[in-house]
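Structure first, commentary second.
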Protein chains: 2
Amino acid sequence: MAKAKAKRNLRWQRDPEGMRLRILEAAKQEFSAHGLAGARVDRIAAQAGANKRMLYYHVGNKDDLYLAVLEGAYDKIRSEERGLDLEHLDPPEAIRRLIEFTWNYFLRNPEFLSLLQTENLARAKHLKRSAKVKSMHSPFVEMIRAVVRRGVESGDFPVAVDPVQLYISIAALCFFYLSNSATLSVIFGRDLLAKDAKAERLAHMVGLVLAALTGQSAALFDVVKPPKKGAAVAQTV
Amino acid sequence: MAKAKAKRNLRWQRDPEGMRLRILEAAKQEFSAHGLAGARVDRIAAQAGANKRMLYYHVGNKDDLYLAVLEGAYDKIRSEERGLDLEHLDPPEAIRRLIEFTWNYFLRNPEFLSLLQTENLARAKHLKRSAKVKSMHSPFVEMIRAVVRRGVESGDFPVAVDPVQLYISIAALCFFYLSNSATLSVIFGRDLLAKDAKAERLAHMVGLVLAALTGQSAALFDVVKPPKKGAAVAQTV
DNA sequence: GGAGAAATTAACCCGTTGGATAAATACTGT
DNA sequence: ACAGTATTTATCCAACGGGTTAATTTCTCC
């Protein structure tokens, strides 16, 4: 009973690492929910179960906090991207996997979408200052390049495509649908995040890209929808 | 000389309509440049060459101002959309025009992109309250539906596609590239808004969509780029 | 077991910001 | 020309929000 000091009357415990993580997690939520200007330092502190002073002690000011969150977000996606193995799949299947991964990652990490939107509204002012993020190259472009090359060789794909453009397009198809689902849902008068709608969207994206790459429109567009009953009035953007 | 009061010693003139327009224009710039929370009411007033009180007098509080701007933005794009005539073009050409219009509209109206991003970060909270916007149906979905039907009949398009999905996809390809050009440019280490890059992107988008619809990959992907010299290291998102 | 460092709390500071009030000035119809 | 109204200016203010200062408590290592 010498070391086991039963006297646990402490008002608080030390936990620097844990505290830092809680702060960053809270900051991620706050920044993705309210943007940079809309985020409240006090709310982050409260959410982290900490004192406001702790943010400055462990991370820095609001901007530092924001950048740390952003870097963490990039770090996470890069890490998961590296886990995707497309080498052993035949080219069309590899492309499908790629789209599905992107789609699901965005679905599972909505804060990532918000953070990117926020950073783009800020014209990437912070990213530009982050050597860390600049050095975090995504493996996807090279993966795509390899898949396209194989596809052309195997005859699956009649022609080659610029892998950078293709990657941006795949990201675009997924990203826009999800990041703009709020306004789109209002405009179209239906919930784009409903389970059916999401499945339909994924099928469409895969169909579109594979049809373009393989030239097999028909086979892939099994998405040919019979005009829905009560067909919604047409609306856009 | 009776009416021609030479006495132009006025400190200011009245101009309600003009004032309102200047306020809304200034507000559009401010909100698109800084987002909702980041926008400063004082800056809008200054930019409009007005007193802050005028904003409240002519439009309302910050939120009213923001919604008015948003509604104006939707009004404008809807109006231009209606000017697009695809009826007399053969289906592939019609699709190309549609993409080009969307692309160019976004290029000419970057504030529109920012406003949509901002509103989506706010989960369309304001749009939901706007009966005005909800009633502004875009003609594009019906236009696309008609074009696709014609294309299938003429044999240009082997299969039909859901016009809503196709419209979202076209918007996505254009929107994402531009709205995220800041972060993408940093990540890829090159300027995605350079003239060449934009032309390349437009060609890619048209090629992708038309290849998917017609099944003629080769013909449309004249974009087949020879691997660029000093090929940039692969990077993403 | 105690001194010094690390981690955390509590309280305060002060410029900013959205919004309000009241007074002044220009216009309009009669 | 003048009364009444519409438009605009000139101040003010209370709340908020990021950041700081100083004191307190816990831990670690001799």
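Every value quoted in this text rests on a predicted model; they were computed, and no experiment measured them. Letters go in sequence order (proteins before strands), and every chain restarts at 1.
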Where the side chain of A/Met19 is concerned, which of C/dG19, C/dT8, D/dT9 is the nearest nucleotide? C/dT8

Choosing from D/dT20, D/dT8, D/dT7, which nucleotide comes nearest the side chain of B/Pro16?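 Of the options given, the side chain of B/Pro16 lies nearest D/dT7.
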
Using a cut-off of under 3.5 Å, enumerate the N/O to N/O pairs linking the protein to nucleotides 10-16 of chain C.
| unit_1 | atom_1 | unit_2 | atom_2 | d |
| --- | --- | --- | --- | --- |
| C/dA10 | N7 | A/Asn51 | ND2 | 3.2 |

Check: protein-nucleotides 23-25 of chain D nitrogen or oxygen pairs below 3.5 Å:
| unit_1 | atom_1 | unit_2 | atom_2 | d |
| --- | --- | --- | --- | --- |
| D/dT25 | OP1 | A/Arg11 | NH1 | 2.7 |
| D/dT25 | OP1 | A/Arg11 | NH2 | 3.0 |

How long is the line joining [atom1] of [X] and [atom2] of [N], in whole Å?
X	N	atom1	atom2	answer
B/Asn61	C/dG19	CG	P	5 Å
B/Leu36	C/dT17	CG	P	14 Å
B/Leu55	C/dT17	CG	C1'	13 Å
A/Asp42	D/dG17	CG	P	7 Å
B/Gln13	C/dA24	CD	P	22 Å
A/Tyr56	C/dA6	OH	P	22 Å
B/Asp15	C/dT28	CG	P	12 Å
A/Ile23	C/dA7	CD1	C1'	11 Å

Ring pair (Phe, Tyr, Trp, His ring centres under 6.0 Å) with B/Phe176: which of A/Phe176, A/Phe106, A/Phe175? A/Phe175

Got more than 12 heavy atoms from elsewhere within 6.0 Å of CZ, B/Arg123? no

[X] side-chain N/O to [Y] backbone N/O, donor-acceptor pair under 3.5 Å:
X	Y	result
B/Lys62	B/Ala39	yes
B/Asp75	B/Glu71	no
A/Glu119	A/Leu127	yes

Can you tell if the side chain of A/Leu36 reaches within under 4.5 Å of the side chain of A/Asp63, non-hydrogen atoms only?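 Yes, their side chains come closer than 4.5 Å.
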
Would you indicate whether the side-chain heavy atoms of A/Met136 and A/Ser130 approach each other to under 4.5 Å?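 SC-SC contact between A/Ser130 and A/Met136 ruled out.
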
Nearest heavy-atom pair of B/Ile23 and B/Met54: which atoms, and what distance?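 It is CD1-O, 3.8 Å.
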
Any chance the rings of A/Tyr167 and B/Phe188 have centres within less than 6.0 Å?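 Ring-ring flag for A/Tyr167/B/Phe188: false, centres at least 6.0 Å apart.
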
Assign B/Ala39 to base, sugar-phosphate, or nothing according to its heavy-atom contacts below 4.0 angstrom with the strands shown.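 Touches sugar-phosphate only.
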
Any side-chain N or O of A/His58 below 4.0 angstrom from OP1/OP2 of C/dT8?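 Yes.
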
